[in-house]
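Position 1 is the first residue of the sequence; numbering continues from there. Whatever order the structure lists ligands and atoms in, that order sets their numbers, starting from 1.
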Amino acid sequence: MQDFVSREKSRLLEDLKSWLRIPSISTLPENAGDCRKAAEWLAARLKKLGFQVNTIETDRHPILWAEGPAVPGAPTVLSYGHYDVQPPDPLNEWVTGPFEPTERNGNLYARGTADDKGQVFCVVSAVEALQANGGLPVNMRFLIEGEEEIGSKGLTKFLKAEPDRVKADAVLVTDVHMVAPGYPSVDTALRGIVHAEIKVRTLKKDLHSGLYGGAAPNAIETLWHLLEQLKPPTGTMRIPGFYDRVAKPSARELKAWKALPVTERGFIKEAGAKALGGEKKFSFLERVWARPTFEVHGIVGGFQGAGAKTVIPAEATAKCSLRLVPKQRAADAAAQLKKAVKKFAPKYAEVSVEILSTADPVETPLEAWPFEVLDKAYREVWKRGIAPIRSGGSIPIVPLLQQRKAPVLLTGIGLPDDGLHAPNEKLTLEQLWKGIPLFARFLQLMGERGGK
Ligand SMILES: [Zn+2]
């Protein structure tokens, strides 16, 4: 397989660049045509590799469903990823244009390199390598969507209507990263999410802060007291019932995390912080992987323009989210949040909580046999087996990928410093060149195990 990479490297790189040049930003209506173009690009590629490709229309951006040549008796592997990307703002922070893929210091810079076009391209190229070496050893399927960055609405509808699409021996989700360079990993859990807006109204209209200040209730001030009631500086939320189902990581997990080449100091540096916040009695890994949290993303209200305006705001909104850990349920957490806001709100304020979206947390225990196969492939190609880690992030579609009981393998060739959703997103090219033989070997070993 390494021969294939050495031989085809420069062409593969040019091919990936041409895909990255398509600005498939799913959230912006003006880029809808580009999303379709990015889907067509991939469809053409898969067709060239002998796949039957169906383009499934949604309310917004199409889903690709692709089936490789039938391999009777062999296992079925489904590969999930997405071709849509986040907006590139702030543009002036990019060293080179977000849609002008550029190589620097062994990295390829562009929006979508790591999240997720580069990783999808890696698996597709592994398939190409196998086709060039005698054919595919498994029944291969691709399910690639264009709405991951905006909540996967179309795919959710599709997989609810057609749950058998995810019947497979293994589902490969290459939309995550390795825990550190040289340390392949698999996520055994993802946090869930409850996205909400908390709105506070204290007056009919904004008032003069001189004539009314000191007596009239200020909506922003009321909101910050409310937020502090929900999450005091200890970092432990005061939402009744919220922690009832929070499960502790197993002793085995905690031991494995201790052996990882990541440190609190490195984490602080990577975050660009001076020190950590949150629940001091838990390690930083537990805080981001195994504890639920509440974050405020923005506060809207009052005067936001340049200069001064002496006003008492009548209304204020906090955009916020809860992240949930295994055994918690998003619907319960949303109800608990609503109740807690009511409980802590002062009598003089009108408060409301709007739930924008939710996703349950996910567990993918490593017991199923395809994890052994993946571990073996990494040991052969990367010279190190997989480390079980967790992700603090959420991939809302995973519960539906699990609905026919297929083990979901959350693994990837990205690195923690790839800059997802941020300026100067990159993919380290060495990771791509090692990732192609890795996934090719994984598929070969899956084929050798047979349909067990
Ligand atoms: Zn992604």
Side-chain angles (χ1 to χ4, degrees), residues 16 19-20 22-28 31 34-35 38-39 41-42 58 60-64 78-89 98-99 101 107-125 142-156 158-159 171-179 185-187 189-193 195 288-289 321 323 357 359 361-362 364 389-402 408-428 431-432 435 439:
L16 173 57
W19 197 23
L20 291 166
I22 307 169
S24 45
I25 307 163
S26 49
T27 197
L28 300 178
N31 289 88
D34 295 311
C35 289
W41 188 99
L42 184 61
T58 71
R60 293 191 71 181
H61 313 306
I63 300 163
L64 291 187
L78 172 65
S79 173
Y80 162 85
H82 61 95
Y83 63 78
D84 65 321
V85 300
Q86 284 269 326
D89 318 75
F99 299 106
N107 297 323
L108 183 64
Y109 290 88
R111 174 58 86 233
T113 44
D115 184 18
D116 184 35
K117 284 174 178 165
Q119 301 220 52
V120 171
F121 185 81
C122 185
V123 181
V124 173
S125 299
F142 281 96
L143 178 63
I144 310 293
E145 65 161 322
E147 299 179 356
E148 196 276 337
E149 306 291 2
I150 52 169
S152 301
K153 279 211 178 95
L155 186 56
T156 299
F158 176 63
L159 290 184
V171 179
L172 186 61
V173 176
T174 51
D175 193 16
V176 294
H177 61 73
M178 290 189 171
V179 69
S185 50
V186 167
D187 289 336
L190 300 171
R191 285 200 285 196
I193 192 165
H195 236 118
V288 293
W289 287 352
S321 70
R323 295 273 177 176
S357 65
V362 163
T364 53
I389 63 166
R390 291 193 187 188
S391 168
S394 315
I395 308 177
I397 204 66
V398 173
L400 284 175
L401 296 175
Q402 288 177 318
V408 172
L409 283 58
L410 294 152
T411 195
I413 54 152
L415 292 175
D417 66 348
D418 282 343
L420 312 190
H421 300 193
N424 304 308
E425 179 183 346
K426 59 95 175 157
L427 179 68
T428 297
Q431 296 284 110
L432 175 63
F439 289 120

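Ile144 approaches Ser79 most closely through the heavy-atom pair CD1-O, 4.1 Å.
Put simply, the side chain of Lys426 reaches to within 4.5 Å of the side chain of Thr428, judged on heavy atoms.
With rounding to the nearest 0.5 Å, the separation of NE2 in His61 from CG in Asp34 is 10.0 Å.
Of all protein N/O/S atoms, those lying under 2.8 Å from the Zn ion (ligand 1) come to 4.
Between the Ser152 side chain and the Ile397 main chain, no donor and acceptor come within less than 3.5 Å of each other.
If you check the side chains of Ser26 and Arg60, you find no donor sitting under 3.5 Å from an acceptor.
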Show which side-chain atoms of residues 117-124 pair as donor or acceptor with protein atoms under 3.5 Å away, not counting sequence neighbours.
residue : atom : partner : partner atom : Å
Lys117  : NZ   : Trp19   : O            : 3.2
Lys117  : NZ   : Ile22   : O            : 2.9
Lys117  : NZ   : Ser24   : OG           : 3.0
Gln119  : OE1  : Ile413  : N            : 2.9
Gln119  : NE2  : Ala114  : O            : 3.3
Gln119  : NE2  : Val176  : O            : 3.0

